[in-house]
Amino acid sequence: MSFLPMILVLAVFYFLVMRPQQKKMKAHQNMLAELKKGEKVTTSSGMVGKITKVSDRFFTIEIAPNVQVEFERSAVTGRIDATGAAIEEKKD
């Protein structure tokens with residue numbers, strides 16, 4: 001009976017913290033898998049550019065005319081549409 005409060009705290013922690021974080025990570029991984037050449041993205045450092053090359057581990061992003069920089073896939077944080085607004089990740 002003395003373990004019941006601890007079990008309840010763990011259950012609340014799981015449903016309020018861990019589960020939403022896992023969903024967010026899964027949505028981000030799906031977004032990274034769907035990215036292709038020509039899409040406009042934003043990075044964790046705040047740079048915005050167009051993907052020019054896709055490899056298993058890196059994206060080459062053009063941040064200015066004739067200026068291309070390689071970023072790890074995990075550094076890309078979101079997509080940007082033609083109007084410049086961030087595209088929301090799909091929530092399952």
- [ ] Spell out, yes or no, whether F58 and V69 are grouped together once hydrophobic residues are joined by side-chain heavy atoms under 4.5 Å, including indirect joins.
- [x] no
Task: By side chain to side chain contact (heavy atoms under 4.5 Å, CB included) - contacts of A86 (at least two apart) - done: none
Task: Nearest-0.5 Å distance that lies between atom CD in E62 and atom CD in Q68 - done: 5.5 Å
- [ ] Examine F59 and V67 and state if one hydrophobic cluster contains both, with Ile, Leu, Val, Met, Phe, Trp and Tyr joined whenever side-chain heavy atoms are less than 4.5 Å apart.
- [x] yes
Task: Stepwise side chain to side chain contact (heavy atoms under 4.5 Å, CB included) check, I51 with V41 - done: CA-CA 7 Å; I51 296 175; V41 295; 3.8 Å; yes
TODO: Decide whether L10 and L8 are clustered together by the hydrophobic rule: side chain heavy atoms of Ile, Leu, Val, Met, Phe, Trp, Tyr closer than 4.5 Å, transitively.
DONE: no
Open item on the list: Please determine whether residues V76 and M47 belong to a single hydrophobic cluster, defined as Ile, Leu, Val, Met, Phe, Trp and Tyr linked transitively by side-chain heavy-atom distances below 4.5 Å.
Closed with: yes
Open item on the list: Less than 4.5 Å apart, side chain to side chain, heavy atoms only: is that true for R57 and R73?
Closed with: no
TODO: State plainly whether one hydrophobic cluster holds both F71 and L32, where clusters connect Ile, Leu, Val, Met, Phe, Trp and Tyr through side-chain heavy atoms under 4.5 angstrom apart.
DONE: yes
Task: Shortest non-hydrogen contact between V17 and P20, atoms and distance - done: O-CD, 3.5 Å
Task: Exam field: side chain E39 to backbone K36, donor-acceptor pair closer than 3.5 Å - done: yes
TODO: Report yes if the side chains of R79 and E34 come closer than 4.5 Å at any heavy-atom pair, otherwise no.
DONE: yes
TODO: Examine distances only and state if a side-chain atom of H28 and a backbone atom of G78 form a donor-acceptor pair shorter than 3.5 Å.
DONE: no
Task: Expected output: side-chain T52 to main-chain T60 donor-acceptor under 3.5 Å - done: yes
